[in-house]
Amino acid sequence: MPEGNEVHRWAERHTAAFAGRKLNILPGPNHRFSDAHLVDGKKLLKVHAVGKHLGYEFPGELYLHVHLGRFGDFTEGCGPLPEPKGLLRAVMQRAGSGRPSRSQKGQPHNLTCAHDDGTQPFPPEDVDWWELRGPTDCSVYDAAKWQALLDRLGPDPLAHEPDGHDDPKRAFDKILAKKTSIGELLMDQSIIAGIGNIYRAELLFRHRVNPFTPGNEMPLNRLKAIWKDAIPLLKAGMIDRRIVCTDRKDRPSKKALAERGEEHYVYRRHGKPCFVCGETILRKDVAGRTLYWCPKDQQTTAAENESALKPGISLKSSRVKPKRL
DNA sequence: GCCTTATGCTCAC
DNA sequence: TGAGCCTAAGGCT
């Protein structure tokens, strides 16, 4: 269920837990992940993260590609594996593990990576296995296929490696050449990799940008500001697992730690008052995804506001004929 | 228990 | 452009 920040966090954590070790890769019970045998028993070199994609690199230029999609998630643990949950399952386990670890204390762990408050249940060195459920993809790529994936992704605000995926100019050029709305372009992974629906909505609000603005009408300095803001914003989400996009001064509680319901300015706050101006937040189904915005702070037109979903109308019924902007 | 929604993406037409 | 895929939580009856 992650955006790019979460994917990078998993990559760092799984590198710390498993890199340099021989691993057992187990397919799910329904053999959906039939590639497991290609990397089973091999030593993991590194875990790469680009945009929302994970690549577990093994000798022979093989990459176990994982894309979590909207529903995928990892569970980590020490000691014995839990019973399988769900049909789509893959497991990565330290070869020969099952050993009692110091965290195990006689009981199997079946914990997600972090608690809600951001604390880790146990450090990566105590992680013996991860279980993956419900991903969009879990398959082995060769070097050419992995490179093709990298080539079609835009720059990633969280990219560490100087391979072109940290240079935003490519993204700016593409946006400025298109008439498509900035709200749609920010979600396009070939333009910027790693931005999802939450950060799309929150970044546009934070920079007071009308989400319906055509890309070619976006001021370059505004695009640069969004990119610059995205880096710490995504990193903050990566640290405490909660995605918090509000500044302390704008939160009703004024507390340093956002309270429940204060994490976002507009995302999933439709029908509620804007923290900044008090106007009611609107939402609209755009190309199959829900866009949220503040009609006052983001200066949308009367026609754009009129197109918003009325309270009480379900998204499902509105998606009979989703309109592209 | 049912319905809706959800941080995503691919493919066929 | 629409269908399809997959899991989980929350609201409602």
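For the numbers below, each heavy atom of this structure counts, side chains included, while hydrogens, waters and symmetry mates do not. In what follows, chains carry the letters A, B, and so on, assigned in the order in which the sequence lines appear, proteins first and then strands, with residues in each chain numbered from 1.
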What nitrogen or oxygen pairs link the protein and nucleotides 10-13 of chain B at under 3.5 Å?
unit_1 : atom_1 : unit_2   : atom_2 : d
B:dT10 : OP1    : A:Arg152 : NH2    : 3.0

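Going from atom NE2 of A:His270 over to atom C1' of B:dT4 covers 11 Å, rounded to whole Å. To the nearest angstrom, P of B:dC9 lies 8 Å from CE of A:Met187. The OH-P distance, from A:Tyr265 to B:dT7, rounds to 20 Å in whole Å. A:Leu132 has its CG atom 14 Å from the P atom of C:dC6, to the nearest Å. The distance from atom CZ of A:Arg133 to atom P of B:dA6 is 21 Å, rounded to the nearest whole Å. When the P atom of B:dG8 is taken as reference, atom CD of A:Glu184 falls 14 Å away, rounded to whole Å. Computed from coordinates, the A:Ile192 CD1 to B:dG8 P distance equals 14 Å when rounded to whole Å. Atom CG in A:Asp73 sits roughly 14 Å away from atom C1' in B:dG8 (whole-Å rounding).
Residue A:Tyr199 places none of its side-chain N or O atoms closer than 4.0 Å to OP1 or OP2 of B:dT7. The phosphate of B:dT5 has neither OP1 nor OP2 within less than 4.0 Å of any side-chain N or O from A:Tyr292. Look at A:Arg70 and you won't find any side-chain N or O under 4.0 angstrom from OP1 or OP2 of C:dC5. The side chain of A:Lys52 places no N or O atom within less than 4.0 Å of a non-bridging phosphate oxygen (OP1 or OP2) of B:dT7. Here A:Thr290 reaches the OP1 or OP2 of B:dA6: one of its side-chain N or O atoms lies under 4.0 Å away.
Closest to the side chain of A:Arg283, out of B:dA6, C:dT7, B:dT7, is B:dA6. With C:dA8, B:dA6, B:dT7 as the choices, the nucleotide that has an atom nearest any side-chain atom of A:Phe71 turns out to be B:dA6.
In this structure, A:Lys179 places its NZ atom where only 12 or fewer heavy-atom neighbours from other residues, nucleotides or ligands lie under 6.0 Å away.
Taking atom P on both nucleotides, B:dC13 is separated from C:dC5 by 15 Å, rounded to a whole Å. Remark: the separation of the P atoms in C:dA8 and B:dT10 is 22 Å, to the nearest Å.
Applying the ring-ring contact (aromatic ring centres under 6.0 Å, His included) test to residues at least two apart or on different chains, none of the pairs has a partner in residues 171-198 of chain A. Applying the ring-ring contact (aromatic ring centres under 6.0 Å, His included) test to pairs two or more places apart or on separate chains, those with a residue in residues 286-309 of chain A are A:Phe212-A:Trp293, A:Tyr267-A:Tyr292, A:His270-A:Tyr292. Evaluation of the side-chain hydrogen bond (donor to acceptor under 3.5 Å, both in side chains) test over residues 204-215 of chain A, restricted to residues two or more places apart or in two chains, returns A:Arg206-A:Asp229, A:Arg206-A:Asp247, A:His207-A:Asp229, A:Asn210-A:Glu304.
In this view, A:Asp173 and A:Lys169 satisfy the salt bridge (charged side-chain N to carboxylate O under 4.0 Å, His left out) rule, not counting sequence neighbours. With sequence neighbours excluded, the residues that form a ring pair (Phe, Tyr, Trp, His ring centres under 6.0 Å) with A:Phe205 are A:Tyr265. Qualifying side chain to side chain donor-acceptor pair (under 3.5 Å) partners for A:Glu259, counting only residues two or more places apart in sequence or in other chains: A:Lys255. Every side chain to side chain donor-acceptor pair (under 3.5 Å) that A:Tyr56 has, sequence neighbours left out, goes to A:His14.
One side chain, A:Arg251 or A:Thr246, offers a donor N or O that lies under 3.5 Å from an acceptor on the other.
Salt-bridge annotation for A:Glu6 and A:Arg9: present, with a side-chain N of the basic residue lying under 4.0 Å from a carboxylate O of the acidic one.
At a threshold of 4.0 angstrom between heavy atoms, the contacts of A:Arg268 are confined to the sugar-phosphate backbone, with no base atom among them.
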Open item on the list: Pairs counted only when both distances fall under 3.5 Å, Watson-Crick or G-U: show me the 5' to 3' dot-bracket for DNA chain C, [ ] for pseudoknotted crossings and | for other-strand partners.
Closed with: |||||.||||||.
